[in-house]
Amino acid sequence: MRRIQVEVSGEFEAPADRVYRILADYRNGHPAILPKAYFKELSVEGGGTGAGTIFRLTMNSMGAILEFRQIVSEPEPGRVLVASEVDGDVVTTFTVDPRSPGERSHVRIQTEKGMRPRLIGRIEALPIPGLLRRIYRAELDQLAAYVAVEKA
């Protein structure tokens, strides 16, 4: 199966461990950085911080309301956080790396999604990368604002 892959990254004036804690906090931190124009709700079903968290995400995408149920894993705790769709094939990875000298961080958001076969898959694949890049840039902007307010 062919896959769509989208990646966006940014640098932040905050230590990597603090940025990672925000991303891994699905009760308060992560919901606070989701752009409201695209994300309607994030509700935690189990856990709430890092690995083992299960949550539902309601999203407005191109006029359609989509719901994803995801489970979180931490292949590299403190650096890599992965939200995988429970009954689907959407996987979003957040990677946080420290930058000089520990007061800055680099965040990468990467999503992979399987394409449906034949023509419908090719048609579907046209708007998805651009849309996800816009969403993730907005999310990174909100993350930057959140760490700036939290720092003050």
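All figures in this text were calculated on a predicted structure; none of them were measured in a lab. All values below come from the heavy atoms of this structure, side chains included, with hydrogens, waters and symmetry mates left out.
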Heavy-atom closest contact ([X] atom, [Y] atom, distance):
{"X": "V6", "Y": "R133", "answer": "CG1-CG, 3.6 Å"}
{"X": "D25", "Y": "N28", "answer": "OD1-N, 3.1 Å"}
{"X": "A16", "Y": "D97", "answer": "CB-C, 4.0 Å"}
{"X": "F68", "Y": "M59", "answer": "CE1-SD, 4.0 Å"}
{"X": "S105", "Y": "V96", "answer": "CB-CG1, 4.3 Å"}
{"X": "T92", "Y": "Y136", "answer": "OG1-OH, 3.7 Å"}

Only distances under 3.5 Å count here; give the side-chain donor-acceptor pairs of residues 41-48 to other protein atoms, sequence neighbours excluded, each with its distance to 0.1 Å.
{"from": "E45", "atom 1": "OE1", "to": "R69", "atom 2": "NE", "distance (Å)": "2.7"}
{"from": "E45", "atom 1": "OE1", "to": "R69", "atom 2": "NH2", "distance (Å)": "3.0"}
{"from": "E45", "atom 1": "OE2", "to": "R56", "atom 2": "NE", "distance (Å)": "2.6"}

Can you hop from [X] to [Y] via hydrophobic side chains spaced under 4.5 Å?
{"X": "V80", "Y": "I109", "value": "no"}
{"X": "L66", "Y": "I71", "value": "no"}
{"X": "L131", "Y": "L140", "value": "yes"}

- Query: For the side chain of R108 and the backbone of E7, is there at least one donor-acceptor N/O pair under 3.5 Å apart?
  - Reply: no
- Please answer whether the main-chain N or O of G50 pairs with a side-chain N or O of E74 as donor and acceptor at a distance below 3.5 Å.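 Pair absent, no side-chain N/O of E74 close to backbone of G50.
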Distance-only criterion, 3.5 Å: show the donor-acceptor pairs between side-chain atoms of residues 81-88 and protein atoms not counting sequence neighbours.
{"from": "E85", "atom 1": "OE1", "to": "D89", "atom 2": "N", "distance (Å)": "3.3"}
{"from": "E85", "atom 1": "OE1", "to": "V90", "atom 2": "N", "distance (Å)": "3.2"}

- Item | Heavy-atom side-chain proximity of F55 to V72 below 4.5 angstrom | yes
- Is there a side-chain contact between V147 and R18, using heavy atoms and a 4.5 Å cut-off? yes
- Using only heavy-atom distances, determine whether the side chains of Y26 and Q70 contain a donor-acceptor pair under 3.5 Å. no
Side chains of residues 29-40: which donor-acceptor partners sit under 3.5 Å, not counting sequence neighbours?
{"from": "H30", "atom 1": "ND1", "to": "L23", "atom 2": "O", "distance (Å)": "2.7"}
{"from": "K36", "atom 1": "NZ", "to": "P31", "atom 2": "O", "distance (Å)": "3.4"}

- Lys/Arg-Asp/Glu bridge criterion (N-O < 4.0 Å) met for R21, D17: yes
